[in-house]
Student: 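Dropping a structure here in structure tokens format, bear with me for questions.
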Amino acid sequence: MLKEDIRTELLEIFQELLDHFGPRHWWPGETALEVIVGAILTQNVAWNNVEKAINNLKEEGLLSISGLIKTRVEKLGNLIRPARYYNQKAARLKAFAELVNIKYEGDLEKLLSLSTPELRMELLALKGIGPETADSILLYAANRPVFVVDAYTKRIFQRLGYLEADVGYSVVQDFFTSNLPCETYLFNEYHALIVALGNRICLARRPLCQKCPLLHRCKTSSLEKENSETALGTTMGCT
DNA sequence: CTCCCGCGTC
DNA sequence: GACGCAGGAG
């Protein structure tokens, strides 16, 4: 497929998703720190649960660098229990706060003012912050034009026919960044729309293809027409 | 029962 | 590539 065709199609897909779902107004978080805490807590967990955990931190007045620093990891884990893997994530929150405290005088803005490559490396150096979490922070807390890749992104664009199975994070990211204008607004809204499609319609096991605004361009659904009872049907098919 | 806006470790 | 982590909503 020609590069220009891919670019056109990616923008068409964006527009169709935007028309269908409307602007997502991401990230749901009032401050940069709240976005960062949410990005760490939402790893492999439904956002609904993350909200509960963040609200617990807010009620205790601990949603701050100093609050995270002074709170023992056991208490922190107890507060963020709804976000699952709470012992690991409590340690991750503290590790992040300690980085800001030690290297940036407790001033989050100093960390966030690093260049995009420097900030990404600084985040990835922390235990518990991998590529998706780092890029979510870069895009939604620091407003950098970085395309965020998640499980939904891979699944949707594999089904649409643009990606091979089992592609790595950077391969998927390069696909988008090399075929889209490098604009923070576009990357912000695009990822948010992908998440909306991924968790409401393009489900892993039983995708709701009849409701999908991208059905007319989906390779998987047009090839798959048997019922979803078979093993193959449940993993790949659209009913 | 399934599914969640993953990461570290081996 | 597999596994541990280890809650809550539908």
Side-chain angles (χ1 to χ4, degrees), chain A residues 17 21 23-29 32 34-57 73-96 99 120-142 144 146-159 164-173 176 187-208 211 228-229 231 233-237 239:
Chain A
L17 291 173
F21 292 109
R24 300 285 85 206
H25 305 296
W26 266 29
W27 184 288
E34 187 172 335
V35 173
I36 291 165
V37 169
I40 292 171
L41 294 185
T42 199
Q43 292 164 3
N44 207 28
V45 173
W47 181 254
N48 201 22
N49 290 24
V50 177
E51 283 189 317
K52 290 174 173 291
I54 289 179
N55 283 335
N56 289 344
L57 293 174
V73 69
E74 291 82 4
K75 179 176 180 182
L76 216 47
N78 206 39
L79 290 170
I80 65 169
R81 183 177 296 264
R84 214 178 174 204
Y85 317 126
Y86 48 87
N87 286 324
Q88 288 185 347
K89 289 178 178 177
R92 291 170 186 182
L93 292 181
K94 283 192 75 72
F96 175 80
L99 170 74
R120 192 172 197 270
M121 285 194 299
E122 197 76 324
L123 293 169
L124 287 175
L126 285 171
K127 283 188 191 294
I129 297 189
E132 181 180 341
T133 307
D135 288 341
S136 294
I137 292 170
L138 285 165
L139 178 58
Y140 292 106
R144 307 301 172 85
V146 174
F147 200 93
V148 176
V149 174
D150 64 354
Y152 295 142
T153 312
K154 292 181 188 174
R155 183 164 80 221
I156 290 167
F157 284 86
Q158 279 166 10
R159 285 176 174 171
E164 304 294 325
D166 300 324
V167 279
Y169 187 95
S170 62
V171 172
V172 181
Q173 189 174 48
F176 286 96
F187 290 175
N188 179 319
E189 196 67 55
Y190 213 143
H191 176 66
L193 290 166
I194 285 169
V195 172
L197 185 69
N199 65 19
R200 299 182 199 186
I201 295 173
C202 196
L203 308 178
R205 303 290 165 83
R206 293 170 179 268
L208 308 177
K211 296 184 179 177
S228 60
E229 301 296 318
T234 51
T235 49
M236 294 292 296
T239 56

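Here is how names work: the chains are called A, B, and so on, in the same order as the sequence lines, proteins then strands, and each is numbered from 1.
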Student: For a quick test of reading the model: is some side-chain N or O of A/Lys89 closer than 4.0 Å to OP1 or OP2 of C/dG7?
Tutor: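 It does not, given that no N or O in the side chain of A/Lys89 lies less than 4.0 Å from OP1 or OP2 of C/dG7.
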
Student: For nucleotides 1-5 of chain C, tabulate all protein N/O to nucleotide N/O atom pairs closer than 3.5 Å, reporting atom names and distance.
Tutor:
| unit_1 | atom_1 | unit_2 | atom_2 | d |
| --- | --- | --- | --- | --- |
| C/dC5 | O2 | A/Gln88 | OE1 | 3.4 |

Student: If you look at every heavy atom in A/Leu76 and A/Lys94, which pair is closest and at what distance?
Tutor: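 So the minimum-distance heavy-atom pair works out to CD2-CG, 3.5 Å.
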
Student: In whole angstroms, how far is the C1' atom of B/dG6 from the CG atom of A/Leu126?
Tutor: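 Rounded to whole Å, this separation is 15 Å.
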
Student: In whole Å, what separates the P atom of C/dG8 from that of B/dC7?
Tutor: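 Nearest-Å result for C/dG8 against B/dC7 at atom P: 22 Å.
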
Student: Given that A/Lys127 and A/Trp27 both sit by DNA chain B, which one's nearest nucleotide is further toward the 5' end?
Tutor: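 The residue closer to the strand's 5' end, by nearest nucleotide, is A/Trp27.
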
Student: A side-chain contact here means heavy atoms from C-beta on lying under 4.5 Å apart; do A/Ile80 and A/Val37 qualify?
Tutor: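 Side-chain contact under 4.5 Å: no.
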
Student: Check the distance between B/dC1's P and A/Arg206's CZ and give it to me in whole angstrom.
Tutor: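 Atom CZ in A/Arg206 sits about 16 Å away from atom P in B/dC1.
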
Student: Rounded to whole Å, please give me the gap between CG in A/Asn199 and P in B/dT2.
Tutor: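 Taking atom P of B/dT2 as the reference, CG of A/Asn199 is at 19 Å.
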
Student: Taking all non-hydrogen atoms of both residues into account, name the closest pair between A/Gln43 and A/Arg92 and its distance.
Tutor: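 What the structure gives for the nearest pair is OE1-NH1, 2.5 Å.
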
Student: Decide yes or no for A/Leu57 and A/Glu34: does some side-chain heavy atom of the first lie under 4.5 Å from some side-chain heavy atom of the second?
Tutor: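 Answer no - side chains too far apart.
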
Student: Measure from CD1 on A/Ile137 to C1' on B/dG6 and round the result to the nearest Å.
Tutor: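 Going from CD1 in A/Ile137 over to C1' in B/dG6 covers 13 Å.
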
Student: I'd like to check A/His191 versus A/Trp26 (side-chain heavy atoms, cut-off strictly below 4.5 Å). Are they in contact?
Tutor: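 They are in contact (side-chain heavy atoms under 4.5 Å apart), so the answer is yes.
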
Student: Does some side-chain heavy atom of A/Ile194 sit less than 4.5 Å from a side-chain heavy atom of A/Val148?
Tutor: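 A/Val148 does not reach A/Ile194 side chain to side chain.
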
Student: Counting any heavy atom closer than 4.0 Å, what does A/Ile129 reach on the DNA or RNA strands: base, sugar-phosphate only, or nothing?
Tutor: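 Sugar-phosphate: the residue A/Ile129, judged by heavy atoms under 4.0 Å, touches backbone atoms but no base.
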
Student: For the pair made of CD1 in A/Ile40 and P in B/dG8, what is the distance, rounded to whole Å?
Tutor: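 It is 11 Å, rounded to the nearest whole Å.
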
Student: Any chance CD of A/Glu164 has more than 12 other-residue heavy atoms, nucleotides or ligands included, within less than 6.0 Å?
Tutor: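 Incorrect, the count does not exceed 12.
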
Student: Can you tell me how far P of C/dA6 sits from CG of A/Leu41, to the nearest Å?
Tutor: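 To the nearest whole Å, that distance equals 14 Å.
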
Student: Quick check on contacts: within residues 46-57 of chain A, what sits under 4.0 Å from DNA chain C by heavy-atom distance?
Tutor: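 Heavy-atom cutoff 4.0 Å gives A/Asn48, A/Asn49, A/Lys52.
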
Student: Under 4.0 Å, counting only non-hydrogen atoms across every strand here, what does A/Arg155 touch: a base, just sugar-phosphate, or nothing?
Tutor: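 Touches sugar-phosphate only.
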
Student: Is A/Thr133 near enough to B/dC7 that one of its side-chain N or O atoms lies under 4.0 angstrom from OP1 or OP2?
Tutor: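 For B/dC7, OP1/OP2 do have a side-chain N/O of A/Thr133 under 4.0 Å.
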
Student: With the side chain counted from C-beta on, respond yes when A/Asp135 and A/Leu123 share a heavy-atom pair under 4.5 Å apart, and no when they do not.
Tutor: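 Answer no - side chains too far apart.
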
Student: Could you state the CD-C1' distance from A/Gln43 to C/dG7, rounded to the nearest angstrom?
Tutor: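 The answer, rounded to whole Å, is 15 Å.
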
Student: Can you measure A/Leu208 atom CG to C/dG10 atom C1' for me and round it to whole angstrom units?
Tutor: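 Interatomic distance, CG of A/Leu208 to C1' of C/dG10: 13 Å.
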
Student: Between the main-chain N or O of A/Ala83 and the side-chain N or O of A/Lys89, is there a donor-acceptor pair closer than 3.5 Å?
Tutor: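 Side chain of A/Lys89 to backbone of A/Ala83: a pair is present.
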
